[in-house]
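Letters A, B, ... are given to chains in the order of the sequence lines, protein chains preceding strands, and every chain is numbered from 1.
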Amino acid sequence: MRSHSCGELSLDQVGQTVTLCGWVARRREHGEHLAFIDLRDHTGLVQCVVDGAAELRSEFVVRVTGVLRPRPEGTVNDQLSTGQVEVGECTVEVLSAAEPPPFPLDERAADVDETVRLRYRYLDLRREDMQKNLRTRAKINSAIRSAMDAQDFVEIETPMLIASTPEGARDFVVPARTKPGNFYALPQSPQLFKQLCMVGGVDRYYQIARCFRDEDLRADRQFEFSQLDAEMSFASQDDVLECITRAVSAAVEVVTGEGIGEVPRMTWRDAMDRFGSDKPDVRFGMELTELTSVFAKTEFNAFKASSIKGICHVGAAAETSRSRLDELTDDAKRWGAKGLVWMRVEDGEAGLSLNSPVAKFLSEDEKTGILDLLGAQAGDVIYLVADDWAKVCHVLGLLRLALGRPPVNEGGFNFLWVVDFPLFESIDPVTSKPVSAHHPFTMPHEDDWALLDGEPEDLLKVRSQAYDLVLNGWELGSGSVRIHRSDIQSRIFELLGVSAEEAALKFGFLLDAFRFGAPPHAGFAFGIDRIVALLLGEENIREVIAFPKTQSGGDPLTGAPTPIEPAQLEELGLRLLPQAT
RNA sequence: GGUCCCGUGGUGCAGCCUGGAGUGCACGCCGGCCUGUCAAGCCGGAGGUCGCGGGUUCAAAUCCCGUCGGGACCGCCA
């Protein structure tokens, strides 16, 4: 049907008769007998010179046959990769007429209401940006698969219709026609199946898996998403990090032409202390500074707290108005702080001085301590939060991002392994049982096994062999060394307050499997949508998903979700509640 | 569950604060002119339930309340 693609044409093919197929991207008429058509396919644009174009309109699908020739002197277009040439002596066959598109299919589409783009996603996808994103995603998937194959991982597909488990995120649920009143769940991840693969002697498993979580959507979260899911037998944490780093490196190489070297590591504790986040964006400084000891004997009631930290926004005093400071204070309160103390650093008669509503409550030693530890200079703005350690880190971490985070496409690709996550994230105030930070099959750090028999506060100090991969402040994925010893697993369930009966009910098949000879194993999973978005400089994963959903979980193109017929409900043994109709 | 922002011809915006005739700009669309343009140019034209509902008012795109849709975020996402 065609001899060439539009974007591949260059001076090399001059003189050849070419047949091209594509869409009319633009038409420039110069009277009855001269017009220019920009013909577009997935490879790009090329200019066709035609004898009148009255019958052609935007987005008509045409086949053009003509002779490729150099453009006349002075008409070369440097903006276009095919700008040296044009197709002349054209005959044009209309393969499909088209209505005018509802929005411009060029770079201006970036400003169009996203709902409109999604309603006409098939038009949106014709755009160069979207073509690039889809094709880059495909290449990244391919590179990741190659990297995993080369490391002897076996690609295995796991079921999409599985048993629901109460742990973790809210499940998407599918009614079972053959067993009315029962339900399948869509997998939140293939977690249990990949561990069963290890028991099954697979040794190394991987899959680019579709996963489903019925939780509120965000710029970096959809109901359904893809992850590289992997699991290794007879492997340590270091083995996993090395293998995953190779896959990530292959993905990066698709976009930058270069792989990544060793990925730096940071402990969870350091990440929280210095950046106030378990997924620190290390593209910029403004680190949290520990100030608790400065206020050990303070007279200022608001600072009589177990933890005080501060951040210094260098040189920001001039640009930070009083109303902006009030906004930031409101933000801090929304994030859970009791308040936010701000201080403008100014030149005073005797060195630096602090301009702040609370300055009068602070001693000279305290003021000096703040300035010294933060290394503040005149013109800086200092923010302080006092509360318990976790709250202080959380609030200042969010404040740091609000004040200093660079645009998504700046600062390069700063991968980071965050290691030594705590095994338990908190003690439930009602049951006084610890709550798993990762999942209950995560292996505690060997050095901390003794703490498992200690007091509740000791439990919170237990580190796990769990690790996250972070890129520019986005959590790309997480993994852990799994518990393969039944004595340790029993102890963890005991601590979590999960009875043997309950464990058997929820995870019995896995625990059964482990009784038949489970190899030590460890694994990881990272989000494809996220890594592709970041590598392409997109701040929203919808830009790298062909048919994404809106924040409320709808699809403007198909109208999903929709009601179903009463007969369908009947067959499934379901009846709707009055408020659902 | 919560906070904030947005909604005006097909598209992007201005108008709203300070109420006074659907007013304006750019693109697109339709028609005409135009033989070297490339977001072609020039001339003319069509195109509107100001998201929806209610309230205040002599009068509402504009003020108030509610609601729907979209977006960002907190919670949530083992």
Side-chain angles (χ1 to χ4, degrees), chain A residues 25-39 45-54 57-59 71-80 82-83 86 88 99-120 123 165-171 188-189 191-192 211-223 225 327 330-337 394-395 397-398 401-402 421 423-426 434-442 464 466 475 478 480 492 496 498 506-507 527 539-540 542 549-554 556:
Chain A
R26 197 156 282 122
R27 174 186 66 143
R28 295 176 292 280
E29 274 196 290
H30 286 259
E32 205 176 339
H33 291 296
L34 177 65
F36 302 96
I37 298 297
D38 287 339
L39 188 66
L45 293 180
V46 69
Q47 172 168 287
C48 304
V49 185
V50 298
D51 180 15
R57 289 291 186 275
S58 282
E59 299 309 313
R71 290 199 184 188
E73 183 111 24
T75 65
V76 164
N77 183 350
D78 295 329
Q79 308 299 309
L80 202 60
T82 61
E86 63 187 16
E99 292 177 18
F103 61 94
L105 302 188
D106 55 27
E107 62 282 356
R108 288 173 294 182
D111 298 323
V112 172
D113 184 322
E114 203 181 345
T115 317
V116 176
R117 290 176 56 205
L118 292 182
R119 185 175 305 134
Y120 302 96
L123 298 180
T165 56
E167 311 293 317
R170 195 178 293 116
D171 277 329
Q188 296 174 28
S189 82
Q191 181 64 37
L192 300 175
C211 304
F212 304 84
R213 292 178 193 174
D214 187 4
E215 298 291 345
D216 290 351
L217 292 77
R218 292 285 164 78
D220 62 351
R221 278 168 25 192
Q222 288 265 305
F223 281 155
F225 59 98
E327 276 175 24
D330 288 344
D331 287 340
K333 286 176 180 169
R334 259 198 297 282
W335 296 330
H394 175 68
V395 172
L398 290 172
L401 292 176
F421 270 72
L423 189 64
F424 304 111
E425 66 177 21
S426 60
V435 179
S436 279
H438 191 55
H439 59 57
F441 311 110
T442 305
S464 68
E475 182 193 324
S478 59
S480 62
I492 297 294
L496 292 171
V498 177
K506 287 178 179 171
F507 312 109
E539 58 192 17
N540 195 306
R542 293 188 298 270
K549 303 219 174 357
T550 65
Q551 196 165 62
S552 59

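Distance noted for atom P between B:A59 and B:G19: 15 Å (whole Å). Of the P atoms belonging to B:C77 and B:C16, the separation is 45 Å, rounded to the nearest Å. Distance noted for atom C1' between B:U62 and B:U18: 10 Å (whole Å). For the C1' atom pair drawn from B:G36 and B:G41, the interatomic distance equals 13 Å after rounding to whole Å.
Evaluation of the salt bridge (Lys or Arg N to Asp or Glu O under 4.0 Å) rule for A:Arg334 yields A:Asp331 as partners, not counting sequence neighbours. Legend: residues meeting salt bridge (Lys or Arg N to Asp or Glu O under 4.0 Å) with A:Asp106, ordered by chain and number and at least two apart, are A:Arg26, A:Arg108. Taking A:Arg213 as the reference, nothing meets the salt bridge (Lys or Arg N to Asp or Glu O under 4.0 Å) condition, with sequence neighbours excluded. Qualifying salt bridge (Lys or Arg N to Asp or Glu O under 4.0 Å) partners for A:Glu539, counting only residues two or more places apart in sequence or in other chains: none. By the side-chain hydrogen bond (donor to acceptor under 3.5 Å, both in side chains) test, A:Ser426 pairs with no residue at all, sequence neighbours left out.
At a threshold of 4.0 angstrom between heavy atoms, the contacts of A:Asp216 include nucleobase atoms, whether or not backbone atoms are also involved. Note on A:Asp331: nothing from the nucleic acid sits closer than 4.0 angstrom, heavy atoms only. Contact annotation for A:Pro72: base contact, defined as any heavy-atom pair under 4.0 Å involving a base atom. A:Glu29 comes within contact range of at least one nucleobase, with a heavy-atom separation under 4.0 Å. Using a 4.0 Å heavy-atom distance criterion, A:Thr165 is classed as making no nucleic acid contact. Using a 4.0 Å heavy-atom cutoff across all strands shown, A:Arg213 reaches sugar-phosphate atoms only and no base atom. Contact annotation for A:Ala35: no contact, since no heavy-atom pair falls under 4.0 Å across all strands. Base engagement by A:Thr75 is indicated by at least one non-hydrogen atom pair under 4.0 Å involving a base atom.
Using Watson-Crick or G-U wobble geometry with both donor-acceptor distances under 3.5 Å, B:C33 finds its partner in B:G41. The partner of B:U11 is B:A26, judged by Watson-Crick or G-U wobble contacts that both fall below 3.5 Å. Base-pair partner of B:U3: B:A72 (Watson-Crick or G-U wobble, both distances under 3.5 Å).
The side-chain ring of A:His30 is not stacked on the base of B:G36, judged by centre separation under 5.5 angstrom and plane angle under 30 degrees. Centre separation under 5.5 Å together with a plane angle under 30° does not hold for the ring of A:Phe103 and the six-membered base ring of B:U11, so they are not marked as stacked.
Atom P of nucleotide B:U37 and atom CG of A:Leu45 are separated by 18 Å, given to the nearest angstrom. For the pair A:Arg334 CZ and B:C74 P, the interatomic distance rounds to 11 Å; values are reported in whole Å. The interatomic distance linking A:Trp335 (CH2) with B:C4 (P) rounds to 15 Å, in whole Å. In this entry the distance linking CG of A:Leu80 with P of B:G36 reads 20 Å, nearest Å.
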Next item on the list: Any chance you could list the contact pattern along nucleotides 25-31 of chain B? Use B for base contacts, S for sugar-phosphate-only contacts and - for none, protein heavy atoms under 4.0 Å, 5' to 3'.
Entry: --S-SSS
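A 4.5 Å side-chain heavy-atom check between A:Thr82 and A:Gln47 finds every atom pair outside the cut-off. You'll find the side chain of A:Thr550 stays beyond 4.5 Å of the side chain of A:Glu114, heavy atoms only.
Of the candidates B:U37, B:G75, B:G71, the closest approach to any side-chain atom of A:Glu86 belongs to B:U37. Of the candidates B:G70, B:U35, B:G36, B:U35 carries the atom nearest the A:His33 side chain, counting heavy atoms from C-beta on. When distances are taken from the side chain of A:Thr550 to each of B:G71, B:G36, B:C74, the shortest belongs to B:G71. When the nucleotides B:G71, B:C38, B:A72 are ranked by their closest atom to the side chain of A:Asn540, B:A72 comes out on top.
The one candidate from A:Ile37, A:Asp38, A:Leu34 that meets the side-chain contact (heavy atoms from CB on, under 4.5 Å) condition with A:Arg28 is A:Asp38.
Aromatic ring pairs are classed by plane angle as parallel below 30°, tilted from 30° to 60° and perpendicular above 60°; the pair A:Phe507 and A:Phe441 is perpendicular.
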